[in-house]
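Working notes, structure below.
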Amino acid sequence: MLEADRYFLEFEHETAVLAGLARDAGGDRPIPTCPGWTMEQLVGHVGRGHRWAAEIIRRRLPAPIPMPEVVVPAGPDARGEWLVEGGRLLADAVRAVGPEQPVWTWQKDRSAGFWLRRMLHDEVIHRFDAELALGIEGELAADLAADGVSDVLDTAAALSGPDLGVPSAFTGLAGDGESLLFVATDDDLGPGREWSVTRGPAGVTWRYGRHEAQVTVRGPALQLLLLLNRRLPAGTADVEIAGDQELFAHWWSNSRF
């Protein structure tokens, strides 16, 4: 986990960057990494999520509420301003109650700060969606990318168990003890650069550190983050996959937000 102030700073930055991309591109521009979506739909998804989480936090709710049905402004400038406004609502709500305030979430972390971190990493990935659609090669600090790897593994762990009662995008990741190891190769990362993952009957579990695994996936933290979020092909040249190739291919094909 990063420091709380860092999440606020990065969230504000990512919101501003995505808002700028939304201003530069037409609302009808297709987003290839989100099949069927346009730029307007991508901005709407992110902005509605901001407002939804902000309301949960502001009211300190112990249970979920329906996603708001709001109309995304049509003009590029208004679309960008609308996105920034939603981001401000979320950040202000977390500041007002404090990151440790208990609220409803869909993970074990039941705090207002969870939403800032989760929405930051959601926005990072959708910023890359927008940049890829515009032919831009985006960047991300290695420690933030590594935190994003932890976040997506948290999501897989929360949504891969059979006790959810409904199928999820990660249900297919439950297994019989299969093991994977993800290793970030960035020189400036500390001990949180290795993630050991087990696929059990109750779903995915993971922990930091190196443990024996059937398949090891190595690469820069950003490449691992994009790969785990299915924003890169499984055979990308920037990531080395050693061991049971079919095991990783099965993981990749059964994890989709």
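Values in this document were obtained by computation on a predicted structure and should not be read as measured data.
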inquiry  = If you take the centroid of each ring, where Trp contributes its six-membered ring, are Phe11 and His121 closer together than 6.0 Å?
reply    = no
Take Trp106 and Phe114 through the ring-ring contact (aromatic ring centres under 6.0 Å, His included) test and state the conclusion after the steps.
CA-CA 10 Å; Trp106 45 271; Phe114 162 84; 5.7 Å; yes
Glu194, CD: over 12 other non-hydrogen atoms inside 6.0 angstrom | yes
Arg95 atom CZ, neighbour heavy-atom count above 12 within 6.0 Å
yes
Here the gap from Asp244 atom CG to Glu178 atom CD, rounded to the nearest 0.5 Å, amounts to 9.0 Å
The reported gap from CZ in Phe170 to CG in Asn254 (rounded to nearest 0.5 angstrom) is 10.5 Å
- Is there a path from Leu89 to Phe8 through hydrophobic residues (I, L, V, M, F, W, Y) whose side chains come within less than 4.5 Å of each other? no
With sequence neighbours left out, the residues meeting ring pair (Phe, Tyr, Trp, His ring centres under 6.0 Å) with His126 are Trp37, His45
In short, side chain to side chain donor-acceptor pair (under 3.5 Å) pairs touching residues 74-91 with sequence neighbours left out are none
Give a yes-or-no answer on whether the side chains of Glu123 and Thr15 include a donor-acceptor pair shorter than 3.5 Å.
yes
**Study point:** Modelled atom types, side-chain donor and acceptor of Trp195 and Ser150, under 3.5 Å
**Key:** yes
Rounded to the nearest 0.5 Å, the CG atom of Leu228 sits from the CD atom of Gln223 at a distance of 11.5 Å
OH of Tyr208 to CG of Leu153, rounded to nearest 0.5 Å, is 8.5 Å
> Can Glu10 and Arg6 be counted as an ion pair, charged N to O under 4.0 angstrom?
Replying inline: yes
Check your understanding: Quick one: do the Asp28 and Thr38 side chains pair a donor with an acceptor below 3.5 Å?
Key -> no
Next on the checklist: For Tyr7 and Trp115, I'd like to know if the aromatic rings sit close, meaning centre-to-centre distance below 6.0 Å.
Outcome noted: no
Can a donor-acceptor pair be found between the side chains of Arg199 and His250 at a distance below 3.5 Å? yes
So CG of Asp109 and CD of Gln107: to nearest 0.5 Å the spacing works out to 7.5 Å
Practice task
Begin with the C-alpha distance, continue with both residues' side-chain angles, and end with the deciding distance and a verdict on salt bridge (charged side-chain N to carboxylate O under 4.0 Å, His left out) for Asp129 and Arg231.
Solution key: CA-CA 8 Å; Asp129 288 328; Arg231 265 57 182 190; 2.8 Å; yes
Go through the steps to decide whether Thr198 and Trp206 satisfy the test side chain to side chain contact (heavy atoms under 4.5 Å, CB included), and finish with yes or no. CA-CA 6 Å; Thr198 301; Trp206 72 274; over 6 Å; no
Trace of the salt bridge (charged side-chain N to carboxylate O under 4.0 Å, His left out) decision for Lys108 with Asp154
CA-CA 9 Å; Lys108 291 180 180 179; Asp154 283 343; over 6 Å; no
Separation between CE (Met39) and CG (Leu18), nearest 0.5 Å, reads 7.0 Å
Taking every heavy atom of Thr185 against every heavy atom of Arg218, the minimum-distance pair comes out as CG2-CB, 4.2 Å
